[in-house]
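Residue numbers start from 1 in every chain, and the chains themselves are labelled A, B, ... in the order their sequence lines are given, proteins ahead of strands. We use all heavy atoms of the structure for the numbers below, so side chains are in, but hydrogens, waters and symmetry mates are not.
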Protein chains: 2
Amino acid sequence: MRAAQQGGAISLAIVEDEKEVREGLKYLLGLDGRIRISGAFGTAEELIAFLSGGGRAELVLMDIHLPGISGIEATRILQERWPTLAVLILTIFEDEDAILDSIKAGARGYILKNTRPDALLEQIISAAGEGSPISPTVARRILEEIRRGSRALTPADYTLTARELEVLRDIVNGLTYKELAEKHHIAGSTAKKHILHIYQKLNVNSKAEVVRKALEEGLI
Amino acid sequence: MRAAQQGGAISLAIVEDEKEVREGLKYLLGLDGRIRISGAFGTAEELIAFLSGGGRAELVLMDIHLPGISGIEATRILQERWPTLAVLILTIFEDEDAILDSIKAGARGYILKNTRPDALLEQIISAAGEGSPISPTVARRILEEIRRGSRALTPADYTLTARELEVLRDIVNGLTYKELAEKHHIAGSTAKKHILHIYQKLNVNSKAEVVRKALEEGLI
DNA sequence: TAAAAAATACTCCTTATGGTGTATATCGCG
DNA sequence: CGCGATATACACCATAAGGAGTATTTTTTA
């Protein structure tokens, strides 16, 4: 009576590396008759193996930080191989890039883990239909981006100063703090300052990430 | 009588940041009547300014390690703006990549600083004509590369193992030693070992350089 | 099957890096 | 003229990173 109004319960798969959280979700969501848990996995690889082996799911609740393939990368893979499968990102991170990357990877929605259980349930139901549940705080960030002139959404301009751009180029060329300081005739501490500013603007925290971002987004 | 057989002396510019070396070269080479020193500069920028301002030179002796624009980068720029200008790289480095990069940048020759003065003189003379002076040890490296199956000369294959390739990808993704170890369920020391092996194979010594090389050469 | 290569793991050590806070001089724009 | 942004610089700290050497176990392959 309650599990079969319009084609039966929604089959849901969960990917979450922390066992307690995973089991908690499995239990909580399983209580509702409209949802059937078809599997709960600790890694994206396990889910993919499950689906490859004939396992079925309409919807996937996907954590971002996972051992092995990340949730975002997994979403990309799932969308390629099983295009009808809807992926709902469920994470504690409000990171700008993670949100946009998830959406670009084809996620149906992006929900934060602090969402109340009953609201979570409704969002899952809506995602199984045509809805795209987005946590309010996440939604706000996206809207802000759009208002800000759709910058971060399309080309990506980080408003680096001229000096910072020079330093950016040098980082890409593999210079150390010391070499940078010598080249520009400034103190090592200043070179460092510039680099830290760049980190903030690009939202990264290592030279390796700077190099990647600079090259991938053509900042140089 | 000695400075004007066939169109006069060779006009030579020197770019070398160490003042003593620069002055030494200027003096030594100036002793020979077949060469006229048209300028000696501490940076590539100065040479470019000199040429832009109407200064003339047929040949440039270029150091690689310079403050500001590197000798290789400068060579590229010079070849674009003054295609008839011949650049002779004069450096202490026998680094594989530096040699190949210099050649790709359009250098006429690549001479090591330990070359005897009289030999250096002859090589400069020959470079002003049709010659491409290459120090014997440098020549040997190039020939070795060709013999080895022209690998490093064209596509660039670093024969990374499967494991190393995985780790390489992770470095590009900005993972730290620790994160890497966790992801692959190996000890941090092992992750480090893999990374150091990758450094040796790619001939770099920092994550930033690995990311750059990986992205630029499509290793990922 | 014996030798070579790869993957694993440890130690010890030095230096680089990233994070945070403070402070000053200067420049540009209203 | 003054505010805000930029560039400069320093101190202090914990951790990451890079280098070198040794050693054991697996895998590959000649």
- Item | Interatomic distance where CG belongs to B:Leu196 and P belongs to D:dA20 [whole Å] | 9 Å
- Task: Figure out the NE2/P separation between A:His184 and D:dA9, and round it to whole Å.
- Result: 12 Å
- Taking atom P of C:dG21 as reference, at what distance in whole Å does atom NZ of A:Lys193 sit? 10 Å
- Does B:Ser189 put a side-chain nitrogen or oxygen below 4.0 Å from OP1 or OP2 of C:dA9? no
- Would you kindly give the OH-to-P distance between B:Tyr177 and C:dT8, to the nearest whole Å? 16 Å
- Task: Mind calculating the distance between CG (B:Asn205) and C1' (D:dA16) to the nearest angstrom?
- Result: 16 Å
- Task: State whether A:Glu166 and A:Arg163 are salt-bridged, where the test is any N-O pair (Lys NZ or Arg NE/NH1/NH2 against Asp/Glu carboxylate O) under 4.0 Å.
- Result: yes
- Of B:Lys192 and B:Ser206, whose closest DNA chain C nucleotide lies nearer the 5' terminus? B:Lys192
- Item | Carboxylate-amine/guanidinium contact B:Arg212 B:Glu209, below 4.0 Å | no
- Other residues, nucleotides, ligands: >12 heavy atoms within 6.0 Å of B:Arg169 CZ: yes
- Message: So, applying side-chain contact (heavy atoms from CB on, under 4.5 Å) with A:Leu180, which one of A:Ile186, A:Asn173, A:Asp170 is it?
- Response: A:Asp170
- Of all the base pairs, Watson-Crick or G-U under 3.5 Å, which form stems of three or more consecutive pairs involving DNA chain D? C:1-30 with D:1-30
- Query: How many angstroms lie between atom OH of A:Tyr110 and atom CG of A:Leu90, to the nearest 0.5 angstrom?
  - Reply: 9.5 Å
- side chain to side chain donor-acceptor pair (under 3.5 Å) between A:Glu46 and A:Thr43, intermediate numbers included: CA-CA 5 Å; A:Glu46 291 171 40; A:Thr43 67; 3.3 Å; yes
When you compare the protein's N or O atoms with those of nucleotides 5-7 of chain D, which come within less than 3.5 Å of each other, and at what distance?
from  : atom 1 : to       : atom 2 : distance (Å)
D:dA7 : OP1    : A:Thr161 : OG1    : 3.1
D:dA7 : OP2    : A:Thr161 : OG1    : 2.8

- Query: Between the side chain of B:Arg108 and the main-chain N/O of B:Ala127, is any donor-acceptor distance below 3.5 Å?
  - Reply: yes
- note: A:Ile198, atom CD1; C:dG18, atom P; distance rounded to Å ~ 11 Å
- Query: Counting just side-chain N and O atoms, does A:Lys207 come under 4.0 Å of either OP1 or OP2 of C:dG18?
  - Reply: no
- Message: I want to check one thing: is the phosphate of D:dG18, taken as OP1 and OP2, less than 4.0 Å away from some side-chain N or O of B:Tyr199?
- Response: yes
- Message: Using a heavy-atom cut-off of 4.0 Å across all strands, would you classify A:Lys178 as base, sugar-phosphate, or nothing?
- Response: sugar-phosphate
- Between NZ of A:Lys178 and NZ of A:Lys192, what distance do you get to the nearest 0.5 Å? 12.0 Å
- Between atom CG in B:Asp170 and atom P in D:dA17, what is the gap in whole Å? 13 Å
- Query: Do B:Lys113 and B:Asp63 meet the salt-bridge criterion of a basic N to acidic O distance under 4.0 Å?
  - Reply: yes
- B:Leu168 CG to C:dA6 C1', in whole Å, measures 17 Å
